[in-house]
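Report on the following structure.
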Number of protein chains: 2
Amino acid sequence: MLDRAAWIKAAIDLLADGNLDGLRVEVLAKRLGVTKGSFYWHFKDRRDLLDAVLDDWKEGRIRDIRKQTAADPGEELGAIRHTIAIYSAARNRRGIAIERAFRVWARQDPRAAAVVEEVDAVRLDCARRLFLARGLPAGEAAARSILLYAYVFGVALMHCDGFDADLNAARNRITELIAE
Amino acid sequence: MLDRAAWIKAAIDLLADGNLDGLRVEVLAKRLGVTKGSFYWHFKDRRDLLDAVLDDWKEGRIRDIRKQTAADPGEELGAIRHTIAIYSAARNRRGIAIERAFRVWARQDPRAAAVVEEVDAVRLDCARRLFLARGLPAGEAAARSILLYAYVFGVALMHCDGFDADLNAARNRITELIAE
DNA sequence: CAGCATCCATACCGTACCGTATGGTTTCTG
DNA sequence: CAGAAACCATACGGTACGGTATGGATGCTG
């Protein structure tokens with residue numbers, strides 16, 4: 001007895017294990033222990049699922065972002081550090097994999113691109129607020145917001161495990177470079 | 001009359017238009033105006049092509065990186081700025097698309113991961129040299145190298161077109177934040 | 001209890017692709 | 001010129017998947 005929410009949840013899970021091309025109806029059904037006869041009861045077609053996944057992700061992301069960047073006055077620096085730490089590759093590997101999958105998806109699907117753009121707009125705006133509260137001028141706050149998120153998404157695409165002896169120290173230095 | 005090099009070149013081109021899953025033997029053959037009968041003359045199978053593509057990309061990347069980061073003494077700051085500018089999303093969209101495709105590929109294929117790791121090691125090492133020449137301590141130089149490449153790869157995954165009024169100004173500010 | 005809605009399984013068709021087998025054509029070579 | 005090698009087309013079998021059609025099982029409802 002599945003509903004759309006269960007399919008969407010499993011779809012995002014499958015997405016995290018690969019990319020959009022790995023998100024197949026029959027593979028998903030097998031994971032859920034049913035056949036695709038069930039799928040086509042809940043969804044018109046594959047595109048219907050993809051759109052639902054995009055909506056689900058968008059809402060969840062925007063809610064989380066607003067929660068994570070809500071800082072009491074004077075606590076903005078901690079909130080910035082926390083935002084960077086959340087995407088630290090060490091833990092939260094799952095969350096990063098999902099982010100990457102959606103962003104790669106956005107490169108080959110206009111609807112996904114629109115959703116990612118909306119999410120990024122919220123993200124950047126929330127980050128900018130934190131930098132502005134710290135007294136940075138508008139242009140500087142905007143630049144640092146872009147740098148912050150470009151960095152966290154960029155490290156998710158790199159393989160720098162064997163580069164520095166102390167990667168944690170490097171991470172802390174980078175955090176301070178961005179957060180000031 | 002094609003040779004392996006022509007197939008590899010076309011394969012990277014096709015890779016840039018999508019991702020690894022879009023790199024199909026028959027699609028590639030159609031692009032080159034031949035049938036897959038030709039492909040299986042030059043390559044054992046699809047994996048053979050993928051390995052050849054990885055080798056080709058690795059060599060080309062490492063050569064380019066060494067060329068781009070070769071700076072005369074005293075010109076290191078300019079070389080750092082230039083390195084960032086090369087991956088500026090405005091021009092060079094093709095190069096960025098290729099980079100992204102290889103990095104996403106590396107997430108689902110150990111051989112690709114090994115190649116990307118090699119390329120990143122060279123990249124980070126070359127960048128670190130530039131920062132060291134500017135007098136930064138070792139840890140700081142390493143951190144900035146990681147930040148530099150994470151940033152340029154990260155912006156390739158973001159959609160921040162409508163965020164700041166003057167994106168170019170933001171880019172310049174970010175460049176200075178990284179390069180000092 | 002009859003009938004309808006919900007939820008899923010089975011069976012089927014069509015398509016896109018990988019890899020092989022085989023034959024044809026051109027060019028090089030002894 | 002005979003034969004071999006290089007290069008490619010055609011034809012085939014196998015697999016994975018999207019989507020549809022249909023029927024079965026369960027539960028709700030008048």
Side-chain angles (χ1 to χ4, degrees), chain A residues 1-57 97 101-102 104-112 115, chain B residues 1-57 97 101-102 104-112 115:
Chain A
M1 297 300 171
L2 302 170
D3 56 356
R4 284 176 69 99
W7 282 96
I8 293 169
K9 185 174 179 301
I12 293 179
D13 220 60
L14 186 54
L15 206 55
D17 291 342
N19 48 27
L20 180 63
D21 304 271
L23 181 46
R24 307 275 111 185
V25 172
E26 284 177 305
V27 176
L28 198 56
K30 185 164 285 181
R31 274 210 184 190
L32 288 169
V34 294
T35 66
K36 61 183 174 180
S38 170
F39 176 84
Y40 286 100
W41 169 257
H42 294 286
F43 297 89
K44 179 181 174 295
D45 53 16
R46 183 169 176 265
R47 183 71 239 184
D48 187 21
L49 170 68
L50 298 188
D51 289 336
V53 165
L54 286 175
D55 288 341
D56 184 88
W57 181 74
F102 273 91
V104 172
W105 178 1
R107 286 286 149 183
Q108 62 188 69
D109 175 18
R111 302 190 206 186
V115 167
Chain B
M1 296 300 173
L2 301 169
D3 56 354
R4 283 176 69 100
W7 282 96
I8 293 169
K9 185 174 179 299
I12 293 179
D13 220 61
L14 186 56
L15 206 56
D17 291 342
N19 50 27
L20 180 63
D21 304 271
L23 182 45
R24 308 273 109 186
V25 172
E26 285 177 301
V27 175
L28 198 56
K30 184 163 287 181
R31 273 209 184 190
L32 289 170
V34 295
T35 66
K36 62 184 175 179
S38 170
F39 176 84
Y40 286 100
W41 169 258
H42 294 286
F43 297 89
K44 180 181 173 295
D45 53 16
R46 182 169 177 266
R47 183 72 240 184
D48 187 20
L49 170 68
L50 297 187
D51 288 336
V53 165
L54 285 175
D55 289 340
D56 183 89
W57 181 74
F102 274 91
V104 172
W105 179 2
R107 288 284 151 184
Q108 63 187 67
D109 175 18
R111 301 191 206 184
V115 167

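Chain naming here is simple, since letters A, B, ... match the order of the sequence lines and numbering starts at 1 in each.
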Donor-acceptor list for residues 14-23 of chain A side chains, cut-off 3.5 Å, not counting sequence neighbours:
residue: Asp17(A); atom: OD1; partner: Arg94(A); partner atom: NH1; Å: 3.0
residue: Asp17(A); atom: OD1; partner: Arg94(A); partner atom: NH2; Å: 3.0
residue: Asp17(A); atom: OD2; partner: Arg31(A); partner atom: NH1; Å: 3.3
residue: Asp17(A); atom: OD2; partner: Arg31(A); partner atom: NH2; Å: 2.5
residue: Asn19(A); atom: OD1; partner: Asp21(A); partner atom: N; Å: 3.3
residue: Asn19(A); atom: ND2; partner: Asp21(B); partner atom: OD2; Å: 3.3
residue: Asn19(A); atom: ND2; partner: Gln108(B); partner atom: OE1; Å: 3.2
residue: Asp21(A); atom: OD2; partner: Asn19(B); partner atom: ND2; Å: 3.2

Positional range of nucleotides in DNA chain D within the contact set of chain A, heavy-atom, under 4.0 Å: dC17(D) to dT20(D)

Interface residues of residues 36-56 of chain B with DNA chain C (non-hydrogen, below 4.0 angstrom): Lys36(B), Tyr40(B), Asp45(B), Arg46(B)

Which residues share a side-chain contact (heavy atoms from CB on, under 4.5 Å) with Ala5(A), sequence neighbours left out: Asp3(A)

Validation row: Arg4(B), Asp48(B) side chains within 4.5 angstrom (heavy atoms): yes

Length of the line joining Asp3(A):CG and dT6(C):C1', which is rounded to integer Å: 13 Å

Set of residues satisfying side-chain hydrogen bond (donor to acceptor under 3.5 Å, both in side chains) with respect to Trp105(A), sequence neighbours excluded: Asp109(A)

pair Ile8(B)-Phe43(B): side-chain heavy atoms closer than 4.5 Å: yes

Residues within residues 15-32 of chain A bordering DNA chain D, heavy-atom distance below 4.0 Å: Arg24(A), Val25(A), Glu26(A), Val27(A)

Interatomic distance, Lys9(A) atom NZ to Leu2(A) atom CG [nearest 0.5 angstrom]: 12.0 Å

Approximate separation, where rounding is to 0.5 Å, of Thr35(A) OG1 and Glu26(A) CD: 9.5 Å

Listed partners of Asp51(A) passing side-chain hydrogen bond (donor to acceptor under 3.5 Å, both in side chains), at least two apart: Arg47(A), Arg111(A)

Parallel, tilted or perpendicular, as decided by the 30° and 60° cut-offs, for the rings of His42(A) and Trp7(A): tilted

All ring-ring contact (aromatic ring centres under 6.0 Å, His included) counterparts of Tyr40(B), not counting sequence neighbours: none

pair Val53(B)-Phe102(B): side-chain heavy atoms closer than 4.5 Å: yes

Heavy-atom side-chain proximity of Val34(B) to Phe39(B) below 4.5 angstrom: no

Pairs: protein N or O with nucleotides 22-24 of chain C N or O, under 3.5 Å:
none

